[in-house]
Amino acid sequence: MASIKGLGERLRAMMDLPRDDPRLLRAQYTALGRQLPMMYFILVVNTWVLVATHIHLAPAALTLAMPTVLTAVSIWRTLYWWRRRGIVPDDREVHGALMRTGVLSIPVAVGFTAWALSLYPYGDDYARVHVAFFMAITVIGCIFSMMHLRRAALITTAVVDTAFVFFFINTGVPVLVACAVNILLVSIAMLVILHNHYTTFTRLVAEQARSEQLSDENLRLAHEDSLTGLPNRRQFFIALEQALARARLEGTRLAVGILDLDGFKPINDLYGHSVGDRLLVQVGERLSTLVDRRTRVARLGGDEFALIIEQVESDAQLLAFGQLICQVLAVPITLTDVPVQIGASLGVATFPDRATDAEQAFEFADYALYQSKRSQRGQVSVFSEQHQSQLQRDILTEQALRRADLDAELAVVFQPIIALDGRGTVAFEALARWHSPHLGFVPPGQFIAVAERIGMINQLTVPLLRKALATASQWPAEVRLSFNLSARDCGSPKAAQVLIDVIRASGFDPVRLDLEITETAVMQDLQQVQAVIAMFRGMGCGISLDDFGTGYSSLSQLHALALTKLKVDRSFVSDMHINPASFKIVKSLLALSADMQLDCIVEGVESAQELSALESLGAKLVQGYYFAKPMPAQQTLEWLETPICAIQ
Ligand code: C2E
Ligand code: MG
Ligand code: MG
């Protein structure tokens with residue numbers, strides 16, 4: 001009883017359409033659409049072959065009228081499916097089409113079966129066997145063709161087989177009875193195969209759905225920055241290519257912006273990565289509020305973001321937008337109890353007037369950013385004609401640097417540092433000079449920056465330091481040497497160790513050596529620089545903070561470094577005697593260094609007026625063209641013998 005019930009349920013399940021699974025319905029529809037025209041083709045061909053064997057035996061109603069009607073129905077259905085090939089309609093239509101096919105299978109099966117059996121009485125033994133063969137083979141073809149729509153396959157089998165078995169067993173002809181038994185068994189086996197196939201088919205469709213869902217999710221993740229939810233680097237470049245194609249087509253202007261946060265790293269180091277992450281999220285949110293239909297923002301990685309601005313009308317508009325971004329990001333962000341202040345520098349390049357493709361637009365924007373970082377932090381800088389020629393110069397410098405014989409081509413000049421208490425020259429600052437056989441004299445501001453950018457600076461520092469130490473070894477013991485290091489020299493204990501080895505090998509007393517590092521170098525990686533400074537201090541060297549006042553260091557960060565001197569940047573000194581703002585800055589920088597109990601050297605003194613203004617503020621150590629320009633090594637001893645009053 002239970003097994004009959006189970007069979008009943010199974011049969012009902014086979015008859016039902018999976019209404020709640022539109023994806024499966026669609027897969028069935030597509031598979032069926034491919035196979036049904038073939039089934040009707042078999043039916044029509046087999047029908048007319050059967051007609052051929054009965055044409056002279058049976059009446060025209062059976063050999064012409066009926067087959068024509070059946071063929072017309074077959075052609076109508078074939079055309080129906082043929083016209084819909086490749087088109088998948090909506091869920092409702094798919095369901096309707098499958099329902100109709102199921103229902104239609106009843107008259108079609110009944111029609112063909114009735115027609116075939118009605119031919120039986122007219123033929124001889126061979127013709128009768130042909131009728132049986134026609135029905136048996138055709139039903140197998142139909143079951144196979146309709147295997148994706150079980151209800152239709154089942155209805156057809158039930159109609160044809162029931163009629164077949166009853167009819168042929170009734171004939172009492174042993175061969176035909178055997179055929180009836182055969183076809184019954186084969187049909188049952190076919191239905192089992194069909195059921196198994198359908199189960200596999202269902203599973204396959206479900207798996208495909210799952211993997212599609214997974215790959216959709218992967219695609220989304222692959223294009224999204226997981227921290228900020230903004231598009232990531234990959235998506236940025238895809239969007240940039242698309243935007244460029246649009247700009248080309250519409251003849252509009254487009255801008256690419258690269259934005260880098262100023263002072264992010266120290267915050268990350270000081271407060272930890274989770275605070276750093278929260279900061280980046282807030283930056284992302286702030287940037288998102290600024291974007292509109294024509295602007296898109298992405299996170300490239302780290303503290304770098306990028307913008308695509310379409311339909312740029314004027315440089316003024318672009319500049320105003322860039323400034324707005326920098327202003328918005330300069331507003332303090334409260335993350336822990338204290339609000340933290342960061343800034344953002346932005347480099348922008350435009351298409352098609354400057355860059356000609358995506359790669360160049362990105363490269364130019366990056367270059368503008370680099371310039372903005374160097375000379376106007378916290379501001380926007382648009383890639384200009386000057387940048388273009390500077391970039392060209394940088395490329396030439398890079399090529400010449402890579403093939404230079406650094407030991408032979410580099411030289412060191414020395415600029416005196418004067419104590420205003422009457423002691424005269426207390427130190428020299430060593431400054432690099434490069435005479436390239438290809439480019440001639442290249443200013444340090446040019447080649448040092450390029451060497452830093454291409455990672456060659458350590459190769460330059462070693463011969464420069466060696467040469468400076470060799471000259472300084474000839475000076476009286478009370479004269480110190482000041483030597484400039486770049487960010488990369490303090491970037492790792494390994495790089496610092498190379499320099500320590502050079503100092504040791506020179507025989508120069510490290511206690512007489514001051515190493516100058518710039519504020520911007522310190523800010524790049526506070527913790528690393530701190531460790532490296534400790535190494536140098538450990539061997540007795542002094543550490544001077546160069547270009548003080550131009551960077552972003554906070555007092556707490558300065559305290560964390562074991563500095564011995566501050567060097568006030570020369571930009572504050574020029575005209576300080578007539579510019580009250582500069583005067584005030586120098587005054588407070590001097591007061592600050594006194595508070596921190598650090599010596600202070602004021603750079604770039606060019607006139608007697610500047611000097612007397614500095615003297616009035618109590619400056620003790622000065623350096624500048626007013627006393628001497630940097631001089632070659634061989635002149636330093638002669639200089640030391642000249643009294644300062646003779647030069648002033
Ligand atoms: P800096 O370390 O701040 O050096 C001071 C710069 O100001 C030098 O320029 C010097 O010649 C110039 N200067 C000194 N007094 C005056 C003055 O009264 N008026 C004016 N207008 N300028 C004055 P220089 O030699 O062109 O060097 C430029 C920068 O290149 C240096 O700035 C330093 O950052 C870098 N640099 C120079 N030599 C080296 C080096 O051996 N290693 C590294 N890493 N950087 C170096
Ligand atoms: Mg210096
Ligand atoms: Mg300086």
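Whatever order the structure lists ligands and atoms in, that order sets their numbers, starting from 1. Computed from a prediction, not measured in an experiment: that's the story for all the values here. Just so it is clear, the values below take in all heavy atoms, side chains as well, and ignore hydrogens, waters and symmetry mates.
Among the backbone and side-chain atoms of Asn484, an N, O or S atom lies under 2.8 Å from the Mg ion (ligand 2).
At under 3.5 Å, a nitrogen or oxygen of Ala432, whether backbone or side chain, sits near a nitrogen or oxygen of ligand 1. Below 3.5 Å of separation, one finds an N or O of Glu606 facing an N or O of ligand 1. Below 3.5 Å of separation, one finds no N or O of Asp489 facing any N or O of ligand 1. Of the polar atoms of Tyr626, none of the N or O atoms is found under 3.5 Å from an N or O of ligand 1, judged by distance alone.
The shortest separation from a heavy atom of Pro630 to ligand 1 is under 4.0 Å, placing the residue in contact.
For ligand 1, the atoms closer than 4.0 angstrom to any heavy atom of Glu603 are 3 (O), 5 (C).
With a heavy-atom cut-off of 4.0 Å, Gln415 touches ligand 1 through its side chain alone. The residue Gln623 has no part lying near ligand 1, judged by heavy-atom distances below 4.0 Å.
With respect to the salt-bridge test (charged N to carboxylate O, under 4.0 angstrom), the residues Arg512 and Glu478 do not qualify. A salt bridge is absent between Lys265 and Asp303; no separation between the charged side-chain nitrogens and carboxylate oxygens falls under 4.0 Å.
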Step-by-step ring pair (Phe, Tyr, Trp, His ring centres under 6.0 Å) determination, Phe414 to Trp475: CA-CA 12 Å; Phe414 297 87; Trp475 302 334; 5.4 Å; yes

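Here 4 is the count of protein N, O or S atoms positioned under 2.8 Å from the Mg ion (ligand 3), waters not counted.
Test Gln392, Gln386, Arg393 against Gln390 for side chain to side chain donor-acceptor pair (under 3.5 Å) and you get one pass: Arg393.
For Lys629 and Tyr625, the positive end sits near the middle of the six-membered ring, less than 6.0 Å away and at most 45° from its axis.
Classified by interplanar angle (parallel below 30°, tilted 30° to 60°, perpendicular above 60°), the ring pair Tyr367/Phe383 is perpendicular.
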